[in-house]
Structure formats: structure tokens, C-alpha cells
A.B. asks: 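Would you mind keeping the following structure in view while I ask a few things?
Counting from 1, the numbers follow the sequence of the chain as shown.
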Amino acid sequence: MSASPSPAPPEEAAAARQRLLAEVAALPNLPGVYRWFDAQGGLLYVGKARSLRKRVASYLHRDHDGTRIGSMVSRIARLETTVVRSEAEALLLENNLIKTLDPKFNILFRDDKSYPYLKLVSHPYPRMAYFRGAVDKQHRYFGPYPNAWAVKQTIQLMQKVFRLRTCEDTVFNHRSRPCLLYQIQRCSGPCVGLVAPAEYARDVRDAERFLMGEPHEVLNDLQAQMMAHAEALEFERAAALRDRIGSLSRVLHQQTVDASSLTSNDKDVDILAVKVAGGRACVNLAMVRGSRHLGDRAYFPTHVDEGAALVAPEDDELDIGAPERSSETAVLEAFIAQHYIGQPVPPQLVLSHPVDAALIEALSETAGVRVRAQHAPREQRRLWLEMAVQGAERALARLLAEEGSAQARTRALVEALDLDIADPAALRIECFDISHTAGEATQASCVVYEGHAMQSGQYRRFNVEGITGGDDYAAMRQVLMRRYARLAGMVATGKAVDPVVEAPQAPDPAPGPAAGKPHRGPARLPDLVLVDGGRGQVSMAREVFEELGLDIALIVGVEKGLGRKVGLEELVFADGRPKVALGHDSAALMLVAQIRDEAHRFAITGMRARRASVRTGGSRLEDIPGVGPRKRARLLQRFGGLRGVASAGVEDLAAVEGISKDLAQEIYRALH
């Protein structure tokens, strides 16, 4: 862990402060963004202001001793400012700088705005689909939803009530009889003409109205249709409508919404609840779309200890005795500013804590939508806010418990192996595993544990070539040599390098708590190198480390215990120390097993993908000159896979967009 920078000598500090005061006096009374830097050039804080002169002066002209602001001000050595035309522009610039530069004292939320949508694909018989990505105006989208589960649950409801299709067009266009979904009354069978176009279009309109927040109008129409069929003695159709009405009524009842208390402003609402405890914070975002509560999603920011309540009040605010903002308000304002930039904003926000009205005004201006914020709601909104607050409390309690457990496991492993590490958070472990199927598609994985968490962004996969199939020892030797040869050379010469020395290969992170901050700085080996195996793998790793001149004491093998039972693993050391058998309830063993299992998961998923590519020949098309990813995708989509492409004739291949007659002949020759 890097040490805190030492304070500058008093003379230099005084000179720097006078220089800053002179710069502040020359600042304009205009909106803009300011940036504080320390003596080493590190960025401390990024902020926006309606008036740069007033805002920046408030940091230097007031006494902030004993506060977070005071801690930051004591490190300030340099100031940079940017003048903009409006506070809305300042908001945009501020949050772009926060996300790209990661200043130490700003509360930072991970930039993850990839929300899923329910998509209605334009077609004579529109289909429903789960969608995530950039929207296309050609189709209709409903959402966003807080998670994939909410979208899939809504699609299931649409199937039950409105019986809309979900099959791809390639399947829809080639059906000769209805599928199983028609048999279980989850689709009306438009693929084989079992529903009239006008009737299907009516079902689509009803589904859209339901998703847009008109469920009771849809219920009334369905009831009218049911009565009409009953009067015409069409009792089977009336019974089917009765069942659909029952399904829709049950869903509306489960939403815990009192229809009498809803207004037109309640159709699209975001509810934001914040909870701060134990040096961590949680913002729980609950979404209401079309008057339906779709669920919630928890966000956990970083830099909470340093960044909370770091905006100093301006001079005019001090005159009226404005209190310092609470940590909850600071976190909530940071979330609103960062989350909704470039993201659709609903017209109504319900908040657990009041925020600066200027922030909401700037957000409205940037979004082009009049946004209203309410922090003391009544009736239905109050119930929604109570649910969001409870969700934030539960999510934060769970995070603190997980982090406490992770820290305890790290400390237990440091003590069990007697590692010379003062700060357990600095412990870096790299673990390797080999995976193949009878020697086919051999692939190795390297996973990283640091900061009490798995660092999925630093995971690496290695394609192992040039060895005898199934020779795990040779595979381990190749991987360790590739991983550490360059790093060992740089450590020996004293050069600085990021510890991640292999090219990235799709980390494929597993779900779990938020990862700790990865190590960045001068080159250093991990404090522990785990290999999944016993004495054989450890001996091979020892040979590699001796050849590279590295410390063999870093190598530890995880050997299966008696009967290969979980909890009976033993640790094998490369430096000749006797084996260590940790108890099955040992926190240290739990951590070792967690890291080993993650390495195994990461290796086997990569191996399976590589094996599938080899077996299906998925890359054979791209090996043909003139066939790139787009043309390959068009061919596979048109013919349903590589076998379909291989069985197609030259004329059929040439009918695909972008495939010329000459290229079609080349493809035909390559596949036959």
C-alpha cells in the first residue's frame, strides 16, 4: 500500500496558499468546474459551481479544521478551473471528469448503466424479446427494468395474458404446426394462422397499454370482450378470456399498489433511498414504470469516507447559517449526478433525503425533461419509499457482513501461512488451473485475489499449444513461464510496470460482492502463487521459479485430501516445508477453496467455449479470405449454423447480403 504523501515545508505551503488566493481572486463569477491537486500532481477533488469565485473561495477563506474538507484543503497545492455556459454544462463536465480521472475525495459510483428492456419487434405479428443495448427507433421498447429477472417475469406475464409470440423470425417463418407454447396457452399460434391478424394486433395494443400504465382500462376491455363472447354463446372463448383476466388481476394485486391513490405522475417514478454505515454506503434504486413496481437495484459507491460532505458552503450560504450536508445527502447527490447523465430520467424522483434544488434543475436541463424531486411523499409513494429504504438497509448489512467475512478470511490465511504482510488488504494471490477434455482444447486460467476480493478485471486465460495432449505438468510450466518471465525481468532491472502483464482475455467475472480496488504501481510479484495440484504441479512450478530467479517460497499447491473430499485439502509448499492440513471449518481454508474454485470455474468455462468453437468449426468461415465477422454472422443467421452453410449451394450463398458470386464459390470450395 502506498504511503500518504508527506506535507510540504511551512514556507512552501505558505507560498502555495498565497498563490492560490491570488488565483481565486481572479476567478470569474461564472458557472464552471474546478479541480484541486496535491503537491505530487494527484487529483484530489472535482466539483462544479454556479459561481467559481464564491465556491472556490469558500474552501480557502474558512476554517475547516477537523473535517473532511479540512483534510483535503491541507493537501491542496494547485487549482485548475474550466468556465462553462451553464450549471447544466458544469454538471456534465464534472461527472465526466469524475468517471475518467477517479479523484480521491469524490464519491464515485461504478459506471454500470446497462439496464435491460422489453422489446416489441416490428413485424406483422410483433414478438416480445429481452433486450440490452442501444435502442433502435424501428422497434418499441419498454423499461428500463432494474434486472433481467424483472424483464423475464414481465414476458411470462405477457405470454399468459396476451399470448404474444417470443420465437425468432427464423423459427416463425418455417413452422408448419404450432409449438409447445401454443399447447400450454402461452402463444396464440400466429406462425400457422391460428389467430387472425386483427385479433393479434388487438392483443399487441392491449399489451402496450398495460406496459404503459393502463392496466385497469385493459381489464375493462377484456371483460367487455368476455361478455360479448358469452352473449354469443362462445363459451370456450369467454372462458379463455376469463382466465386471462384472472391472471392479470392477480399480478395487479401483487404489485401492492392502491389504484385510488395513483395519479398520472405515478406512471414513471424512480425511488432513491440511501443508507450510510460502517464506512460504506448503499443507494437503492427502485423503478416504477407504467404504474408497476418493477423491483430495485443496489449501488455501492467508493471513496465514501473521503468524499462525504466535501462541498464547502458558499459565502452566501454561510450567511444564513446553512448546516454542512449529511453524508447521506452527499452520497445521494453524487448518485443522481453520475447515474442520470446520458440515461433516461423519469419525470418524478422520490428521495429519502433532500438534495440541492440546483442539482435537479441542472439535471432537467441536461435531460430535456422537467424533473421533480420529492423527499417527504405521501400515500403510495410513501409505501414505495419505505420499501426502498428497507432494501437499502438489507443490502448494506449484507455487504458489510460479506466484507467483514472476507477480511477475516484474509487475516486468517496470513496468520496460518505466517506471511510477512503488515496490511492484509495488500495481500495479492494469483491462482492457476489447467482444464481440458482428454487433452483437447487445453486452456489455463489465472485469477487474482487482492483487497479482500476477487479482481475479475485482472483474470487471464492462456491457450496452451505445442504440448502433448493431457500433459498438465507441461501446460503448467508453459503458463507460469508466460506469466512471470517478463515480470521477473522487470523486477530484476527495477523497471515499473503494471502487475497485469498478459494481454486481456474477456474476464467473465462471476457474480458476487463489489471487488476491492486493484493494485496499481511498481512491478511486484504476488505474495502467494496457488496451483491447483499436489507435489507434481508444485515441483513444476518450483522449476520455473528457480529458472527465473524468483522466490520459491511463494508457491503453494492445493492438494486434494483423502478421498478427494471437500474440506480435507492440504497445502503443499515448494520450499520443503511440511504439508499443512487446515481444519474443514478454517477461515483460511475457506479462502483458499474460494480462490481455487474460481480458478477452476474460469478455466473450464474458457475451455468449453474453445472446445465448442473447434468442434463446430465456428471459426472456419472467418478463415476464408473475404469473410469477416459480419458476413459470417449473416451466413450463420440465414442458414441456421455452419452445417446449413455447408449444405447450401453457390446460388443460395450468393443470395446473402454482401456475398458475391465469386465469394460464394470460394466459401463452397472451402467447406467441401
Side-chain angles (χ1 to χ4, degrees), residues 410 413 426-436 441-467 471-491 497-510 512 515-521 523-534 536-545 547-548 550-559 571-572 574 591-610:
T410 306
L413 183 61
L427 174 66
R428 180 182 177 89
I429 302 174
E430 296 186 1
C431 181
F432 296 84
D433 188 28
I434 308 294
S435 183
H436 57 79
T442 302
Q443 190 163 94
S445 69
C446 171
V447 301
V448 179
Y449 179 88
E450 188 177 14
H452 303 300
M454 303 303 302
Q455 300 294 338
S456 59
Q458 299 185 34
Y459 289 7
R460 296 295 178 265
R461 289 193 179 106
F462 304 82
N463 292 327
V464 179
E465 307 285 356
I467 65 169
D471 189 346
D472 288 355
Y473 296 150
M476 182 63 72
R477 176 181 177 81
Q478 181 182 129
V479 169
L480 292 176
M481 188 65 72
R482 288 168 60 184
R483 178 67 174 176
Y484 295 120
R486 180 176 169 222
L487 182 58
M490 291 186 174
V491 171
V497 64
D498 191 280
V500 181
V501 296
E502 276 287 326
Q505 293 190 26
D508 182 27
K517 192 166 183 176
H519 167 78
R520 293 175 184 169
R524 73 177 184 96
L525 285 167
D527 302 292
L528 202 63
V529 177
L530 296 179
V531 294
D532 186 20
Q537 291 285 29
V538 170
S539 297
M540 181 56 66
R542 174 173 178 161
E543 290 181 12
V544 173
F545 271 48
E547 186 175 339
L548 296 175
L550 299 177
D551 185 3
I552 62 173
L554 303 178
I555 303 168
V556 177
V558 185
E559 186 177 55
L571 302 184
V572 181
L591 177 58
V592 170
Q594 173 193 348
I595 299 171
R596 187 270 317 274
D597 293 344
E598 178 67 353
H600 181 66
R601 180 201 68 81
F602 193 58
I604 200 168
T605 53
M607 179 274 297
R608 286 172 177 169
R610 187 183 180 203

A.B. asks: In Å and rounded to the nearest 0.5 Å, what is the CD to OG1 distance from Q478 to T442?
C.D. replies: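 The OG1 atom of T442 is 9.5 Å from CD of Q478, to the nearest 0.5 Å.
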
A.B. asks: What I'd like to find out is whether the side chain of V558 reaches to under 4.5 Å of the side chain of V531, using heavy atoms alone.
C.D. replies: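 The answer is no, as the side chains (C-beta and beyond) never meet within the 4.5 Å cut-off.
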
A.B. asks: Can you name the residues that form a side-chain hydrogen bond (donor to acceptor under 3.5 Å, both in side chains) with D433, not counting sequence neighbours?
C.D. replies: H600

A.B. asks: What's the spacing between I595 CD1 and D532 CG if we round to 0.5 Å?
C.D. replies: 12.0 Å

A.B. asks: When you measure from the side chain of Q455 to the backbone of E450, do you find a donor-acceptor pair of N or O atoms at a distance under 3.5 Å?
C.D. replies: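 Yes.
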
A.B. asks: Working to the nearest 0.5 Å, report the span between CE of M454 and SG of C431.
C.D. replies: 7.5 Å

A.B. asks: Which pair of non-hydrogen atoms, one from D527 and one from A426, has the smallest distance, and what is that distance?
C.D. replies: OD2-O, 3.4 Å

A.B. asks: With sequence neighbours left out, what residues match T410 under side-chain hydrogen bond (donor to acceptor under 3.5 Å, both in side chains)?
C.D. replies: Y449, H452

A.B. asks: Check whether any side-chain heavy atom of F462 sits under 4.5 Å from a side-chain heavy atom of R482, and report yes or no.
C.D. replies: yes

A.B. asks: Would you compute the distance between atom CZ of R601 and atom CZ of R596 and round it to the nearest 0.5 angstrom?
C.D. replies: 14.0 Å

A.B. asks: List the steps and the verdict of side-chain hydrogen bond (donor to acceptor under 3.5 Å, both in side chains) for Q458 and R428.
C.D. replies: CA-CA 12 Å; Q458 299 185 34; R428 180 182 177 89; 2.9 Å; yes

A.B. asks: The criterion is side-chain contact (heavy atoms from CB on, under 4.5 Å); which residues satisfy it with R477, sequence neighbours excluded?
C.D. replies: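 Partners of R477 under the side-chain contact (heavy atoms from CB on, under 4.5 Å) test: M481, M540, E543, V544, E547.
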
A.B. asks: Roughly how far apart are L480 CG and L548 CG, rounded to 0.5 Å?
C.D. replies: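 Rounded to the nearest 0.5 Å, the CG-CG separation comes to 9.0 Å.
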
A.B. asks: Can the positive tip of R461 be found less than 6.0 Å from the middle of the six-membered ring of F602, inside 45° of the ring normal?
C.D. replies: yes

A.B. asks: Looking at CG of L554 and CZ of R542, how far apart are the two atoms once the value is rounded to the nearest 0.5 Å?
C.D. replies: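 L554 CG to R542 CZ: 13.0 Å, rounded to 0.5 Å.
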
A.B. asks: With the side chain counted from C-beta on, respond yes when C446 and R483 share a heavy-atom pair under 4.5 Å apart, and no when they do not.
C.D. replies: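 Counting from C-beta outward, C446 and R483 do come under 4.5 Å.
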
A.B. asks: Could you tell me which residues satisfy side-chain hydrogen bond (donor to acceptor under 3.5 Å, both in side chains) with D472, sequence neighbours excluded, listed by chain and number?
C.D. replies: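 By the side-chain hydrogen bond (donor to acceptor under 3.5 Å, both in side chains) rule, D472 matches H436.
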
A.B. asks: Looking only at heavy atoms, what is the nearest atom pair of P526 and Y484, with distance?
C.D. replies: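 Closest heavy-atom pair between P526 and Y484: CG-OH, 3.7 Å.
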
A.B. asks: Under a 3.5 Å distance rule, please check whether D471 uses its side chain to pair with a backbone N or O of A474 as donor and acceptor.
C.D. replies: yes

A.B. asks: Ignoring hydrogens, what is the shortest heavy-atom contact between I467 and A475? Give both atom names and the distance.
C.D. replies: CD1-CB, 3.7 Å

A.B. asks: Should V479 and F432 count as side-chain neighbours, where that means a heavy-atom distance under 4.5 Å?
C.D. replies: yes

A.B. asks: Checking side-chain contact (heavy atoms from CB on, under 4.5 Å) for the pair I434/M476: CA distance, chi angles, key distance, verdict?
C.D. replies: CA-CA 7 Å; I434 308 294; M476 182 63 72; 4.0 Å; yes

A.B. asks: Stepwise, does the side-chain contact (heavy atoms from CB on, under 4.5 Å) test hold for L530 with I429?
C.D. replies: CA-CA 7 Å; L530 296 179; I429 302 174; 3.9 Å; yes

